[in-house]
Amino acid sequence: MKNTIAFSLLCCNLAFMPLTAQQMTAFEKVGQGEESVQEFFPGEHRARPVMGAYTDSERMGLFSGGQDLGGSSGWYTDTRWGDLGDGTFANPILNGDYSDPDVIRVGRKYYMTCSEFHFMGMNILESDDMVNWKIIGRIFDRMDLDGYSGMDKYGNGSWAPALRYHDGKFWMYVCTPNEGLFMSTATDPAGPWSPLYQVKNVSGWEDPCPLWDEDGQAYIGRSQLGGGPIIIHKMSADGKTLLDDGRKVYEGPTAEGTKLFLKDGYYYISIPEGGVGTGWQTVMRSKNIYGPYEQKRVLEMGSTKVNGPHQGALVDTPEGEWWFYHFQSTEPQGRVVHLQPVTWKDGFPEMGTDYDKNGIGEPMKVCRKPSTGVETKAYAPQASDDFEAKELGLQWQFNHNPHDEYWSLTEKPGWLAIKSQKAEKLRTAFNQFTQKTMGYKGVVTVKIDFAQLTPGGRAGIECIGNKFVGGGIIMEDKDGTATPRLYMETDGTVQTTSFNISSVMNKGIYIRLEIDAVNNKHKFYYSVNNETFIEFGDTFESGSGDWKGSRIGLYSYNTQETSGTAYFDEFTYLFDGPGGLTSTQTK
């Protein structure tokens, strides 16, 4: 019960205090390219950065993924989220960075995927009740494209995928900003999925979505990088070939995130507009897929504090209810997932509640759960890992392509071994094992066997986003002797402690990270017995960067040479929210 006690103490120490709204972020221009009118909404507030001048730039952190505009950190004092266990749920239902979520129903099951950008790869989540989710599979483990096996493709990779079910198969379409349009299929959403197939080698496309008409004709809608216009192509029935150059059907302020569907004899296009942190959801319909389309704004921030509520999926239940999944931009978590009730009126969806009575829906904090006919215990996606399984847990995602010859679950059974490859700093270190932070309060603890590290070696727990922060062990050379010390690094700047931990070289050490997303204050601790934890390093803040929210992870690298190995065990991640307080490991 040690971990449960530690978490309880943390929640007491990090009390939920009233907060004031955060200040707007001052944005800087990235690159020298010309800026279009769609890059600003409204006024001086940037909605999207410039194509080509940002996708490979470390300065993307200035934008925090575009997510600081109207960010909600400091607004909410109600920190409930997910299934409340009484027939209701509190938004967000997933309080982690499941950005640009797409959700479908097949039978009585619901499936979700999301943007993962440079993290490998795209997970599939499953739910029985639309509120509680678990990770069941992954579409790909790597992207065999130039640069993704290095550490210089931050902000690239998978952007706003679409998930669909057609002809007895699951289909996923996604664009990367510089390599084009890709697709994959599976008969089982848990996998295996077919290798990524490049439908079109092109740059500047984003946010694709397929549609198969009632007569079998296939189409795909997509946006242009930077926010529009919306373009529709004819496509072969097997989904592998575009049959034309596409036709523009709509142009608006930062129009992207295309989702196509058929309902009651109409073609519908559901899109976010206005930018990540400042936008709204628009729904359009037409009797002809090429338009003209009548449109309606159906969800906006309005009188609430939920900024940029848009970009997601309209999903129905077998009982005929409709619901809308969308994201909200928060700090430091990133883009978290909300669920809003939907009713249809005059051919258009009405989402959430129209609190300010202007005819446009606004997000709700607490709702009754959807009528799915399924009752389930509250839970959250997987997090902790004892590394006893033969395969790596699905919650872990590599930062860029893995170098598989440099990590192992079998070298020391029951431990994760990460061989230290040479890197200048944490951001450029290979084989970073990452996962999304969840909730507002959390405690991450892991045991590290560092006896095999060599001088120049660094290993520990990381918290990455707009900055790369690591805490753990650094191995130094003192008069020809490998000497371990506790250390913390922030964007390559190292702070060492005076603690010489050579006495536990052959026993290992516990490193802990306490996360407080409400106040955005995080702290490292260490212990030699997993009972008494002592702080080290500075308290630090985190935030979104490279289009993704804050993440935790494990790492081992060496600044001098490829040499040494760190072993990790008893990884425990406890957080607030559904199932968080009861997800314990009592070792």
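This is a predicted model, so every value here is computed, not measured.
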Test ring-ring contact (aromatic ring centres under 6.0 Å, His included) applied to Phe468 - qualifying residues, sequence neighbours left out: Tyr154
Any side-chain donor near an acceptor of the partner, Thr176 and Asn178, under 3.5 Å: no
Of all pairs that satisfy side-chain hydrogen bond (donor to acceptor under 3.5 Å, both in side chains), the ones with a partner from residues 227-245, not counting sequence neighbours: Arg222-His233, Ser236-Asp238
Axial cation check for Tyr379 ring with Lys134, 6.0 Å and 45° limits: no
Salt bridge (charged side-chain N to carboxylate O under 4.0 Å, His left out): pairs with one or both residues in residues 172-184, sequence neighbours excluded: Lys153-Glu179
Counterpart residues, side-chain hydrogen bond (donor to acceptor under 3.5 Å, both in side chains), relative to Glu116 (two or more places apart): Gln397, Lys436, Lys548, Arg551
Distance-minimising heavy-atom pair for Ser544 and Gly334: OG-CA, 3.5 Å
Test ring-ring contact (aromatic ring centres under 6.0 Å, His included) applied to Phe430 - qualifying residues, sequence neighbours left out: His403
Contacts of type side-chain hydrogen bond (donor to acceptor under 3.5 Å, both in side chains), residue Tyr219, not counting sequence neighbours: none
Salt-bridge criterion met for Arg108 and Asp128 (N-O under 4.0 Å): no
Stepwise side chain to side chain donor-acceptor pair (under 3.5 Å) test for Asp100 and Ser115: CA-CA 6 Å; Asp100 309 322; Ser115 298; 2.6 Å; yes
Nearest atoms (heavy-atom pairs only) where Pro253 meets Glu273: CD-OE2, 3.3 Å
Ionic contact status for Arg105 with Asp316, cut-off 4.0 Å: yes
Greater than 12 external heavy atoms within 6.0 Å of Glu319's CD: yes
Pairs involving residues 178-201, ordered by first then second residue, that meet ring pair (Phe, Tyr, Trp, His ring centres under 6.0 Å) (sequence neighbours left out): none
Test of ring centre spacing under 6.0 Å for His166 and Trp212: yes
For Pro370 against Val131, the heavy-atom pair lying closest together: CD-CG2, 3.9 Å
Matching residue for Trp159 among Tyr173, Trp205, Phe117 - test: ring pair (Phe, Tyr, Trp, His ring centres under 6.0 Å): Phe117
Non-neighbouring partners of Tyr290 that pass ring-ring contact (aromatic ring centres under 6.0 Å, His included), sequence neighbours left out: none
Smallest separation among heavy atoms of Gln333 and Ala517, with atom names: NE2-CB, 3.7 Å
Non-neighbouring partners of Tyr355 that pass ring-ring contact (aromatic ring centres under 6.0 Å, His included), sequence neighbours left out: none
Qualifying side-chain hydrogen bond (donor to acceptor under 3.5 Å, both in side chains) pairs with a residue from residues 340-353, counting only residues at least two apart or across chains: His326-Gln340
is_close_aromatic(Phe327, His310), centroid dist under 6.0 Å: yes
Pairing residues for Thr258 by the side-chain hydrogen bond (donor to acceptor under 3.5 Å, both in side chains) criterion, not counting sequence neighbours: none
Closest heavy-atom pair and its distance - Ser286, Pro292: OG-O, 3.0 Å
Basic-acidic side-chain contact under 4.0 Å: Arg427, Asp546: yes
Any residue meeting side-chain hydrogen bond (donor to acceptor under 3.5 Å, both in side chains) with Trp323, in chain and number order, not counting sequence neighbours: Glu321
Ser270-Gln281 side chain donor-acceptor pair, cut-off 3.5 Å: yes
With Asp102, the side-chain contact (heavy atoms from CB on, under 4.5 Å) member among Gln311, Met172, Lys259, Met112: Lys259
Asn358 and Glu300: side chain donor to acceptor below 3.5 Å: yes
